[in-house]
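Down below is the structure, laid out as structure tokens.
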Amino acid sequence: MYRYIKAAEEPSALEESLDGLKDDFNYIMDGLDKLSRTGGDSSKAALSIALSLSDAIENHIEQVSSQILK
């Protein structure tokens, strides 16, 4: 009896992009955590970056939501 073996599918451009985003997000979160533990100005910088990132993410959530609701 013969068995057919399917070749692994190449990841789509979106899948590759999402993987990169996950890596980038993890890097940011780890960096913010490190900055916050350093204290002083580094902790203040971490908060500023986190708030800026939160605003950007909120904007993108609205974009995704509007596309889903179309």
- Message: Let me confirm one number: the OG-CG distance from S48 to L53, rounded to the nearest 0.5 Å.
- Response: 11.0 Å
- Give the intermediate values and the outcome of salt bridge (Lys or Arg N to Asp or Glu O under 4.0 Å) for residues R37 and D33. CA-CA 6 Å; R37 286 185 275 116; D33 183 52; 3.2 Å; yes
- If you measure from CD1 on I28 to CG on D23, what distance do you get to the nearest 0.5 Å? 11.0 Å
- d(I61 CD1, I68 CD1) to nearest 0.5 Å is 10.5 Å
- Message: Using 0.5 Å steps for rounding, measure from the CD atom of E15 to the CD atom of E10.
- Response: 10.5 Å
- Query: Is a donor on one side and an acceptor on the other found under 3.5 Å between the side chain of N26 and the backbone of K22?
  - Reply: yes
- Message: I need the L18 CG to S12 OG distance, nearest 0.5 Å.
- Response: 7.5 Å
- Task: Show the numbers, then the answer: is there a side chain to side chain contact (heavy atoms under 4.5 Å, CB included) between N59 and D55?
- Result: CA-CA 6 Å; N59 181 6; D55 287 343; over 6 Å; no
- Query: To the nearest 0.5 Å, what is the distance between OG (S52) and CG (L47)?
  - Reply: 11.0 Å
- Nearest heavy-atom pair of S36 and A46: which atoms, and what distance? N-CB, 4.1 Å
- Task: Could you check if a side-chain atom of Q63 sits within less than 4.5 angstrom of a side-chain atom of Q67, using non-hydrogen atoms only?
- Result: no
